[in-house]
Amino acid sequence: MDLVKNLVSDLQVLKTIWFSKITGDSHKERLENFYGPQADAYDHFRARFLHGRRGLLKECAKKMIELDTRPGLVWVDLGGGTGENVDMMAEYMDLSKFERVYVVDICGPLCEVARKKVQARGWQNVEVVEADVCDFVPDTMNATLVTFSYSLSMIPPFMTAVDKALSYLDPKFGILGAADFYTSQKYDSPDRQHGYLTRWFWRATFDLDGIDLGPERRQFLDRNLEKVYEKNGAGGIPYVPLLKAPYYIWLGRVRRYGPPNGN
Ligand SMILES: C[S@@+](CC[C@H](N)C(=O)[O-])C[C@H]1O[C@@H](n2cnc3c(N)ncnc32)[C@H](O)[C@@H]1O
């Protein structure tokens, strides 16, 4: 019975991803029209699609565990969707080490799923905030960990989103982590490099769902933060044989010294 239920919910997600036209006058409207019909099916499908999430959370947890003796760890998950990352993070570290966790998302239907999850798990330190990450600032005014898990590619003013996050990331201990699909620059570092067809195919395909895989997002992170971890890989897509979509995991901290090349 569960098999049939899961198959039906997967088909609902696939229909939205491959065949629905995204409509709406604002970013929020477009996201709600896209995610609304698949909100309840989101977690089941994305568990086999967003391959960088676990690696991101594992590496972030390691960094947080190093800071274990510091009281008041604060985690802001930007574009946190259904709050699934909080559930996964519990596999890598004790969630009670966080004084506060903010799951921030602009999409009402996904926030609703996240709120139900918070209630069901009895998380007292997790708050779901329905807001644009470009405007959001945590009440604590300081964050030890900020994550963009497959969200940076869906935020058109991504520079504003990162700048805003840097305005409250703890300058001494803070870690900013991102995982996302990507395409490389024409001439990139060997571990990121894609050929012409790969760059063209993935960028054009994801573009249909309002997702921008251009390399400028990671260039902006590289430019504004000091990288402490990176992994580039590729992962399968449910019901699509052979194809593997490229993804990255990237962690950085506030620069101790000037930007690269001394500029
Ligand atoms: C692919 S989903 C990823 C959700 C979740 N982080 C995960 O890993 O499963 C991208 C998320 O970014 C959110 N998002 C996009 N633009 C946003 C914005 N400007 N402010 C807040 N959330 C945004 C979307 O609503 C969506 O939940």
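Read the numbers this way: they start at 1 and go in the same order the structure lists the ligands and their atoms.
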Ligand 1 contact by [X], heavy-atom criterion under 4.0 angstrom:
X      : result
His27  : yes
Phe136 : no
Tyr35  : yes
Glu84  : no
Ala161 : no

Quiz prompt | Phe206, Tyr247, Tyr248 screened by ring pair (Phe, Tyr, Trp, His ring centres under 6.0 Å) with Phe181, the one that passes | solution =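 Of Phe206, Tyr247, Tyr248, ring pair (Phe, Tyr, Trp, His ring centres under 6.0 Å) with Phe181 is met by Phe206 alone.
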So for ligand 1, is [X] a polar contact partner (N or O within less than 3.5 Å, distance only)?
X      : result
Leu110 : no
Ser151 : no
Ile106 : yes
Asp105 : yes
Asp132 : yes
Val133 : yes
Tyr150 : no

Which atoms of ligand 1 are found less than 4.0 Å from any heavy atom of [X]?
X      : value
Gly81  : 27 (O)
Cys107 : 25 (O)
Met154 : 1 (C), 10 (C), 15 (C), 16 (N)
Leu31  : 14 (N), 15 (C), 16 (N), 25 (O)

Does either side chain, that of [X] or that of [Y], offer a donor lying less than 3.5 Å from an acceptor on the other one?
X      : Y      : answer
Thr140 : Asn142 : no
Thr82  : Asp43  : yes
Thr147 : Trp75  : yes
Arg218 : Asn232 : yes

Residue pairs meeting side-chain hydrogen bond (donor to acceptor under 3.5 Å, both in side chains), one or both in residues 151-169, sequence neighbours left out, come to Ser153-Asp180
Neighbour count above 12 (heavy atom, 6.0 Å) for Lys227 NZ: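 Buried by this count: over 12 neighbours within 6.0 Å.
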For this session: Kindly indicate whether a cation-pi arrangement holds for Arg192 with Tyr182, taking the cut-offs as under 6.0 Å to the six-membered ring centre and within 45° of the axis.
Result: no
Just to be sure I read this right, does ligand 1 sit under 4.0 Å from the backbone of Asp77, its side chain, both, or neither, counting only heavy atoms?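 Neither part.
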Rounded to the nearest 0.5 Å, the CD atom of Glu99 sits from the CG atom of Asn125 at a distance of 9.0 Å
dist Arg253:CZ -> Glu226:CD (nearest 0.5 Å) comes out at 4.5 Å
Q) Any ion pair linking Arg203 and Glu216 (charged N to carboxylate O, less than 4.0 Å)? A) yes
Of all protein heavy atoms, the one nearest atom 3 (C) of ligand 1 is Tyr42 OH, 3.1 Å
